[in-house]
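Convention: sequence-line order gives letters A, B, ...; per-chain numbering from 1. These numbers come from a predicted model, not from an experiment. All values below were derived from every heavy atom in this structure, side-chain atoms included, with hydrogens, water molecules and symmetry-related copies excluded.
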Amino acid sequence: MKLRKIKADFYLQNSVSAAKALLGKYLVRRQGASVMAAKIVETEAYRGKNDPGSHAFVKRTPRNEVMFGPPGRAYVYFCYGNHYLFNIVTEPEGTAGAVLIRAVEPVAGIKRMKKNRGAEGINITNGPAKFTQAMAIGREQNRTDLTKNEIYVCDGQKEKFGIVSKSRIGIKTGLDLKWRFYIKGNSYVSKP
DNA sequence: GGACCGATGTTCT
DNA sequence: GAACATCGGTCCG
(Lines give C-alpha, C1' and ligand atoms only; values in the text may rest on other atoms or scores of the structure.)
Protein backbone atom coordinates (compact mmCIF):
# COMPACT_ATOMS: atom_id res chain seq x y z
CA MET A 1 0.00 0.00 0.00
CA LYS A 2 1.25 3.43 -0.88
CA LEU A 3 1.03 6.08 1.82
CA ARG A 4 1.45 9.74 1.12
CA LYS A 5 1.64 12.36 3.87
CA ILE A 6 -1.09 15.00 3.61
CA LYS A 7 -0.19 18.65 3.06
CA ALA A 8 0.22 21.01 6.00
CA ASP A 9 -2.52 23.38 4.84
CA PHE A 10 -5.11 20.64 5.37
CA TYR A 11 -5.03 21.54 9.06
CA LEU A 12 -5.99 25.17 8.43
CA GLN A 13 -9.63 24.34 7.80
CA ASN A 14 -12.29 24.43 10.48
CA SER A 15 -12.49 21.53 12.90
CA VAL A 16 -15.84 20.20 11.74
CA SER A 17 -14.90 19.80 8.09
CA ALA A 18 -11.47 18.49 9.11
CA ALA A 19 -13.10 15.86 11.33
CA LYS A 20 -15.13 14.57 8.38
CA ALA A 21 -12.21 14.78 5.98
CA LEU A 22 -9.94 12.77 8.28
CA LEU A 23 -12.19 9.70 8.10
CA GLY A 24 -10.59 7.03 5.91
CA LYS A 25 -7.14 8.61 6.16
CA TYR A 26 -4.23 6.82 7.82
CA LEU A 27 -2.53 7.72 11.05
CA VAL A 28 1.12 6.67 11.06
CA ARG A 29 3.29 6.34 14.15
CA ARG A 30 7.03 5.77 13.88
CA GLN A 31 9.18 4.59 16.73
CA GLY A 32 12.74 4.19 15.52
CA ALA A 33 12.69 1.41 12.95
CA SER A 34 9.18 0.23 13.65
CA VAL A 35 6.06 1.66 12.06
CA MET A 36 2.43 1.41 13.01
CA ALA A 37 -0.40 2.60 10.79
CA ALA A 38 -4.15 2.67 11.25
CA LYS A 39 -7.16 3.94 9.35
CA ILE A 40 -9.11 6.69 11.09
CA VAL A 41 -12.72 5.53 11.45
CA GLU A 42 -14.18 7.83 14.13
CA THR A 43 -13.55 11.49 15.03
CA GLU A 44 -15.04 14.37 16.99
CA ALA A 45 -14.66 18.09 16.31
CA TYR A 46 -13.98 20.60 19.07
CA ARG A 47 -13.76 24.33 18.62
CA GLY A 48 -13.46 27.24 21.06
CA LYS A 49 -15.97 30.00 21.35
CA ASN A 50 -19.50 28.77 20.57
CA ASP A 51 -18.60 25.22 21.56
CA PRO A 52 -19.55 24.62 25.20
CA GLY A 53 -18.22 21.07 25.05
CA SER A 54 -14.67 22.16 24.29
CA HIS A 55 -11.75 22.51 26.68
CA ALA A 56 -11.11 25.86 25.04
CA PHE A 57 -14.64 27.24 25.56
CA VAL A 58 -14.05 29.26 28.73
CA LYS A 59 -10.59 30.67 28.17
CA ARG A 60 -7.05 29.97 27.17
CA THR A 61 -5.16 28.06 29.87
CA PRO A 62 -1.80 26.25 30.01
CA ARG A 63 -3.56 22.97 29.32
CA ASN A 64 -5.58 23.96 26.26
CA GLU A 65 -2.90 26.33 24.96
CA VAL A 66 -2.01 23.93 22.13
CA MET A 67 -5.53 24.22 20.67
CA PHE A 68 -4.95 27.93 20.06
CA GLY A 69 -1.52 27.42 18.56
CA PRO A 70 -0.45 26.57 15.03
CA PRO A 71 -2.45 23.83 13.26
CA GLY A 72 -1.03 20.42 12.41
CA ARG A 73 0.19 19.73 15.93
CA ALA A 74 -0.83 16.97 18.32
CA TYR A 75 -2.83 17.84 21.43
CA VAL A 76 -2.45 14.95 23.84
CA TYR A 77 -3.84 15.18 27.33
CA PHE A 78 -4.37 12.98 30.32
CA CYS A 79 -7.92 12.14 31.28
CA TYR A 80 -9.74 10.31 34.07
CA GLY A 81 -6.64 9.22 35.91
CA ASN A 82 -5.27 6.65 33.46
CA HIS A 83 -5.97 7.59 29.88
CA TYR A 84 -4.37 9.66 27.12
CA LEU A 85 -6.50 11.16 24.37
CA PHE A 86 -5.07 12.28 21.04
CA ASN A 87 -6.28 15.32 19.10
CA ILE A 88 -5.10 17.02 15.93
CA VAL A 89 -5.00 20.82 16.15
CA THR A 90 -6.86 22.59 13.35
CA GLU A 91 -7.88 26.15 12.38
CA PRO A 92 -5.45 29.05 11.96
CA GLU A 93 -3.12 30.03 14.79
CA GLY A 94 -5.01 32.06 17.39
CA THR A 95 -8.30 30.24 16.79
CA ALA A 96 -8.98 27.26 19.04
CA GLY A 97 -9.82 24.01 17.33
CA ALA A 98 -8.98 20.33 17.36
CA VAL A 99 -10.19 16.97 16.12
CA LEU A 100 -10.31 14.15 18.65
CA ILE A 101 -9.48 10.77 17.12
CA ARG A 102 -11.84 8.30 18.77
CA ALA A 103 -11.16 5.06 16.94
CA VAL A 104 -8.90 3.59 14.25
CA GLU A 105 -8.56 0.33 12.35
CA PRO A 106 -5.05 -1.20 12.49
CA VAL A 107 -3.41 -1.80 9.11
CA ALA A 108 0.32 -2.14 9.87
CA GLY A 109 2.39 -3.02 12.91
CA ILE A 110 -0.59 -4.87 14.35
CA LYS A 111 1.55 -7.25 16.35
CA ARG A 112 3.16 -4.37 18.15
CA MET A 113 -0.19 -2.75 18.89
CA LYS A 114 -1.50 -5.96 20.40
CA LYS A 115 1.55 -6.14 22.59
CA ASN A 116 1.20 -2.50 23.69
CA ARG A 117 -2.46 -3.00 24.55
CA GLY A 118 -2.51 -6.56 25.79
CA ALA A 119 -5.73 -7.07 23.87
CA GLU A 120 -7.10 -8.78 20.77
CA GLY A 121 -9.44 -7.96 17.91
CA ILE A 122 -11.44 -4.76 17.86
CA ASN A 123 -10.47 -4.18 21.48
CA ILE A 124 -7.03 -3.02 20.36
CA THR A 125 -8.23 0.30 18.97
CA ASN A 126 -12.01 0.79 19.32
CA GLY A 127 -11.86 3.74 21.73
CA PRO A 128 -10.02 7.04 22.14
CA ALA A 129 -7.80 5.89 25.02
CA LYS A 130 -7.37 2.40 23.58
CA PHE A 131 -5.69 3.34 20.34
CA THR A 132 -3.35 5.81 22.06
CA GLN A 133 -2.13 2.95 24.21
CA ALA A 134 -1.84 0.67 21.18
CA MET A 135 0.18 3.26 19.24
CA ALA A 136 2.32 4.35 22.19
CA ILE A 137 1.04 7.93 22.29
CA GLY A 138 1.36 9.68 25.63
CA ARG A 139 2.34 12.86 27.38
CA GLU A 140 5.63 13.14 25.48
CA GLN A 141 3.75 13.37 22.19
CA ASN A 142 1.87 16.51 23.19
CA ARG A 143 2.67 19.33 20.73
CA THR A 144 4.28 16.92 18.25
CA ASP A 145 4.50 18.51 14.81
CA LEU A 146 2.55 16.28 12.40
CA THR A 147 4.50 17.54 9.39
CA LYS A 148 7.50 15.69 10.84
CA ASN A 149 7.96 11.92 10.88
CA GLU A 150 7.13 10.77 14.41
CA ILE A 151 3.37 10.96 13.95
CA TYR A 152 1.62 11.99 10.74
CA VAL A 153 -1.46 11.50 8.58
CA CYS A 154 -1.57 10.00 5.09
CA ASP A 155 -4.22 10.10 2.41
CA GLY A 156 -6.63 7.19 2.35
CA GLN A 157 -7.38 4.74 -0.45
CA LYS A 158 -10.10 5.53 -2.93
CA GLU A 159 -13.04 3.95 -1.24
CA LYS A 160 -16.63 4.90 -0.71
CA PHE A 161 -18.20 4.90 2.70
CA GLY A 162 -21.13 6.49 4.47
CA ILE A 163 -20.47 9.06 7.18
CA VAL A 164 -22.70 9.05 10.24
CA SER A 165 -23.04 12.25 12.27
CA LYS A 166 -24.01 12.12 15.97
CA SER A 167 -23.71 13.93 19.28
CA ARG A 168 -20.30 13.78 20.89
CA ILE A 169 -19.63 11.29 23.65
CA GLY A 170 -18.64 11.81 27.26
CA ILE A 171 -19.58 15.47 27.59
CA LYS A 172 -22.69 17.10 29.05
CA THR A 173 -22.86 20.35 27.11
CA GLY A 174 -22.96 21.10 23.42
CA LEU A 175 -24.96 17.95 22.73
CA ASP A 176 -27.05 19.74 20.13
CA LEU A 177 -23.95 19.92 17.94
CA LYS A 178 -23.66 16.73 15.92
CA TRP A 179 -19.90 16.82 15.70
CA ARG A 180 -19.06 13.17 16.11
CA PHE A 181 -18.41 11.45 12.79
CA TYR A 182 -17.73 7.85 11.94
CA ILE A 183 -17.55 5.46 9.01
CA LYS A 184 -20.85 3.67 8.68
CA GLY A 185 -20.62 -0.05 9.37
CA ASN A 186 -16.97 -0.09 10.49
CA SER A 187 -16.56 -2.52 13.36
CA TYR A 188 -13.89 -0.46 15.15
CA VAL A 189 -16.27 2.43 15.85
CA SER A 190 -16.46 2.81 19.63
CA LYS A 191 -20.20 3.32 20.02
CA PRO A 192 -22.22 2.77 16.82
C1' DG B 1 -25.65 -6.47 25.42
C1' DG B 2 -26.89 -2.87 28.66
C1' DA B 3 -26.46 -0.37 33.27
C1' DC B 4 -23.76 0.67 36.91
C1' DC B 5 -19.37 1.66 39.30
C1' DG B 6 -14.57 2.22 40.94
C1' DA B 7 -9.86 3.49 39.67
C1' DT B 8 -7.02 7.34 39.09
C1' DG B 9 -4.31 12.18 38.30
C1' DT B 10 -4.55 16.68 36.43
C1' DT B 11 -6.78 21.02 36.07
C1' DC B 12 -9.27 24.78 37.64
C1' DT B 13 -12.43 26.91 41.37
C1' DG C 1 -12.42 19.62 46.38
C1' DA C 2 -15.13 18.88 42.32
C1' DA C 3 -15.15 17.84 37.63
C1' DC C 4 -13.53 15.30 33.94
C1' DA C 5 -13.59 14.37 25.64
C1' DT C 6 -12.55 6.69 29.65
C1' DC C 7 -11.97 1.74 30.50
C1' DG C 8 -12.79 -2.73 32.22
C1' DG C 9 -14.98 -5.30 35.36
C1' DT C 10 -19.38 -7.02 37.39
C1' DC C 11 -24.05 -7.71 37.75
C1' DC C 12 -28.57 -8.59 35.52
C1' DG C 13 -31.27 -9.95 32.10
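There is a side-chain donor-acceptor pair under 3.5 Å between A:E91 and A:S15.
The neighbour count for A:K111 NZ, taken as heavy atoms of other residues, nucleotides or ligands under 6.0 Å away, does not exceed 12. Annotation for A:K5: atom NZ counts as buried by contact number, over 12 foreign heavy atoms lying within 6.0 Å.
The closest donor-acceptor contact from the side chain of A:T125 to the backbone of A:F131 lies at 3.5 Å or more, if one exists at all.
Remark: A:K130 is in phosphate contact with C:dG8, judged by side-chain N or O atoms under 4.0 Å from OP1 or OP2. One finds no side-chain N or O of A:R139 lying less than 4.0 angstrom from the OP1 or OP2 phosphate oxygen of B:dG9. Remark: A:K191 is not in phosphate contact with C:dT6, judged by side-chain N or O atoms under 4.0 Å from OP1 or OP2. The shortest distance between the side-chain N/O atoms of A:H55 and the OP1/OP2 oxygens of C:dA5 is below 4.0 Å.
Following rounding to the nearest Å, A:R63 (CZ) and B:dT11 (C1') show an atom-to-atom distance of 6 Å.
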Steps toward ring-ring contact (aromatic ring centres under 6.0 Å, His included) verdict (A:Y77, A:Y75): CA-CA 7 Å; A:Y77 75 94; A:Y75 171 37; 5.4 Å; yes
As a quick check of understanding, evaluate side chain to side chain donor-acceptor pair (under 3.5 Å) for A:S190 and A:R102, giving each step before the final call. CA-CA 7 Å; A:S190 63; A:R102 284 195 54 89; 3.1 Å; yes
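Nearest nucleotide to the A:Y80 side chain, out of C:dC4, C:dG8, B:dC12: C:dC4.
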Its dot-bracket string being built from Watson-Crick and G-U pairs below 3.5 Å, with | for another strand and [ ] for crossing, DNA chain C has the pattern ||||.|||||||.
